[in-house]
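All remarks here apply to the structure that follows.
Worth saying up front: this structure is predicted, and the values here are computed from it rather than measured.
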Amino acid sequence: MEKIQMKTPLVEMDGDEMTRIIWAQIKEQLLLPFVELKTVYFDLGLPNREATGDRVTEQAARAIQEYGVGVKCATITPNAQRVEEYGLSQMWKSPNGTIRAILDGTVFRAPIMVEGISPVVKNWEAPITIARHAYGDVYKAVEYRVPGPGKAELVFTGEDGRVERQTIFDFQGPGVLQGQHNRDASIRSFARSCFQYAVDTRQELWFSAKDTISKVYDHTFKDIFQEIYQKEFQEKFQELGLRYFYTLIDDAVARIIRSKGGFIWACKNYDGDVMSDMVSTAFGSLAMMTSVLVSPDGKYEYEAAHGTVTRHYYRYQRGETPSTNPMATLFAWTGALAKRGEMDGIPALVDFSQKLERCALETIESGCMTGDLAGLWEGAAPVRRASTQEFLAAVRTRFEG
């Protein structure tokens, strides 16, 4: 068949370890034979981030602002062990955190559901979409290791020169400090994105935080969400028969476990990080979740919502053949290509992406799947445990059939 032509490039961000291997396999097996792939390439692998002083990450984010759509492989956020392993000059920050701070958007994550794999929470019947604020909080925090006794203060100096200060803690010995921030403008963008996404997808919206403890920080989120809802979205929600409500995050967890699913759960940055992992695992696997960052000005970044699968990468280095699930990485590519096709008016690219997703789901439903799903299988077809390469080859066979 003639290859599908692209007009505008995607911003392609390569990553680390096993997901970097899978990235190349997906391109070779499922994309390049069918699409004249046009990308602006950035290597966000840890060695190149070290070599560029991590400037490459900021360059990639700026490119998404320019071209409108990006697709990102999973990357390493180094800890002390990784600094030693890779010989790093410093503990570089999360690439995702850097990109999200520049784009100032909202991350929407939803599980990829297949017939034959039931959620661990048996009453969940429909996907739960996590809407995660993608700016600030712990990801932009300033940290300090307190060496010994002393007074820690929170100090704000206004443009008019006025200084306000509060005592955080009187240390009698060593400890740690962390300062977090957020901006009203970013919280408003987050709220609007959540309400608009709820309207577009006809789902009710839950927002949770901890305003009973964080009486200024979290309460600001709660107040802004309520203001945006009442002024801009309440009438539309009522027309569509949708519901919005706020609840404490601990209450939200209890309610969600008892729910049937089928709604959007909006969370602050770190809450959304943790809860999306919980939701995706409960629906089957961390590798069975879509993730897209949407900026207030309509820029999109698609990514896998899991890590670099280090354990499988070490096996791969020993010459073994891992059975790593490529679904989240594949759906990052198909999501980005479909959005590119939608924005550029290329129906063939949208159709290609949707067909590839269907074929991947049908391959699993036929019984062919990677190891993480094999133990969860409840379908009628016998399980055929496949390596990553074998699974991708099966998807291609079905696509071409």
Side-chain angles (χ1 to χ4, degrees), residues 11-20 23 41-65 70-107 109 130 132-146 175-183 185-187 189-190 217 267-277 286 291-296 299-310 313 328-329 332:
V11 177
E12 177 186 353
M13 293 161 281
D14 213 342
D16 288 295
E17 298 188 322
M18 199 63 224
T19 44
R20 188 182 181 97
W23 191 263
Y41 178 86
F42 294 91
D43 183 358
L44 300 193
L46 197 49
N48 193 50
R49 293 177 58 212
E50 168 70 19
T52 63
D54 207 24
R55 289 186 300 274
V56 65
T57 305
E58 182 175 338
Q59 291 166 355
R62 301 297 179 196
I64 296 172
Q65 290 179 320
V71 58
K72 180 182 173 297
C73 183
T75 48
I76 294 171
T77 299
N79 55 15
Q81 183 262 323
R82 294 296 205 164
V83 169
E84 182 177 349
E85 179 182 356
Y86 280 84
L88 304 178
S89 59
Q90 63 177 277
M91 202 178 297
W92 301 109
K93 291 191 175 183
S94 161
N96 289 339
T98 299
I99 293 167
R100 291 165 187 163
I102 290 172
L103 296 180
D104 189 20
T106 299
V107 177
R109 289 180 171 174
I130 301 290
R132 173 186 172 188
H133 191 206
Y135 177 83
D137 298 349
V138 69
Y139 298 88
K140 297 292 288 182
V142 177
E143 299 179 313
Y144 179 67
R145 179 75 171 105
V146 176
V176 288
L177 281 171
Q178 184 180 81
Q180 297 187 29
H181 81 279
N182 225 296
R183 301 179 296 113
S186 182
I187 300 170
S189 293
F190 172 44
Y217 199 103
C267 298
K268 291 167 53 200
N269 207 344
Y270 181 69
D271 294 345
D273 191 3
V274 175
M275 296 307 171
S276 63
D277 283 353
L286 283 173
S291 180
V292 56
L293 172 69
V294 184
S295 74
K299 313 299 183 187
Y300 297 81
E301 184 234 8
Y302 294 80
E303 62 177 351
H306 57 72
T308 57
V309 204
T310 306
Y313 181 61
T329 304

Does the side chain of [Y] come within less than 4.5 Å of [X]'s, by heavy atoms?
{"X": "K268", "Y": "N182", "result": "no"}
{"X": "T329", "Y": "H306", "result": "yes"}
{"X": "Y86", "Y": "E50", "result": "no"}
{"X": "L293", "Y": "E303", "result": "no"}
{"X": "D43", "Y": "R20", "result": "yes"}

Exam field: side chain [X] to backbone [Y], donor-acceptor pair closer than 3.5 Å:
{"X": "D137", "Y": "Y270", "answer": "no"}
{"X": "R145", "Y": "G175", "answer": "yes"}
{"X": "D16", "Y": "T308", "answer": "no"}
{"X": "R109", "Y": "S291", "answer": "no"}
{"X": "R132", "Y": "M275", "answer": "no"}

So, taking the atom named [atom1] in [X] and the one named [atom2] in [Y], what distance separates them when rounded to the nearest 0.5 Å?
{"X": "I76", "Y": "W92", "atom1": "CD1", "atom2": "CH2", "result": "14.5 Å"}
{"X": "T77", "Y": "N96", "atom1": "OG1", "atom2": "CG", "result": "6.5 Å"}
{"X": "L103", "Y": "R62", "atom1": "CG", "atom2": "CZ", "result": "8.5 Å"}
{"X": "Q81", "Y": "M91", "atom1": "CD", "atom2": "CE", "result": "10.5 Å"}
{"X": "T57", "Y": "N48", "atom1": "OG1", "atom2": "CG", "result": "8.5 Å"}

Exercise for the section: Would you sort out whether M13 and I99 count as a side chain to side chain contact (heavy atoms under 4.5 Å, CB included), showing the intermediate values? Expected result: CA-CA 11 Å; M13 293 161 281; I99 293 167; 3.9 Å; yes
For the residue pair [X] and [Y], what are the closest heavy atoms and their distance?
{"X": "I64", "Y": "Y300", "answer": "CG2-O, 3.9 Å"}
{"X": "E17", "Y": "E85", "answer": "OE2-OE2, 4.5 Å"}
{"X": "A304", "Y": "A332", "answer": "N-CB, 4.0 Å"}
{"X": "R100", "Y": "V107", "answer": "NE-CG2, 3.8 Å"}
{"X": "A328", "Y": "A305", "answer": "CB-N, 4.4 Å"}
{"X": "G15", "Y": "T75", "answer": "CA-CG2, 3.8 Å"}

Practice task
Just do the side chain to side chain contact (heavy atoms under 4.5 Å, CB included) check on Q90 and V83 with the steps written out, would you?
Solution key: CA-CA 7 Å; Q90 63 177 277; V83 169; over 6 Å; no
Handout entry: Verdict with supporting geometry, T98 and E58, side chain to side chain donor-acceptor pair (under 3.5 Å)
Key = CA-CA 7 Å; T98 299; E58 182 175 338; over 6 Å; no
Completion exercise
From the list D14, D54, V56, side-chain contact (heavy atoms from CB on, under 4.5 Å) with L44 holds only for V56
Practice task
List for me each residue that meets ring-ring contact (aromatic ring centres under 6.0 Å, His included) alongside Y135, sequence neighbours excluded, and say none if there are none.
Solution key: H181
Exercise for the section: Please identify each residue that fulfils salt bridge (charged side-chain N to carboxylate O under 4.0 Å, His left out) with K72, with sequence neighbours left out. Expected result: none
Practice task
Begin with the C-alpha distance, continue with both residues' side-chain angles, and end with the deciding distance and a verdict on side chain to side chain contact (heavy atoms under 4.5 Å, CB included) for H133 and S186.
Solution key: CA-CA 9 Å; H133 191 206; S186 182; 2.9 Å; yes
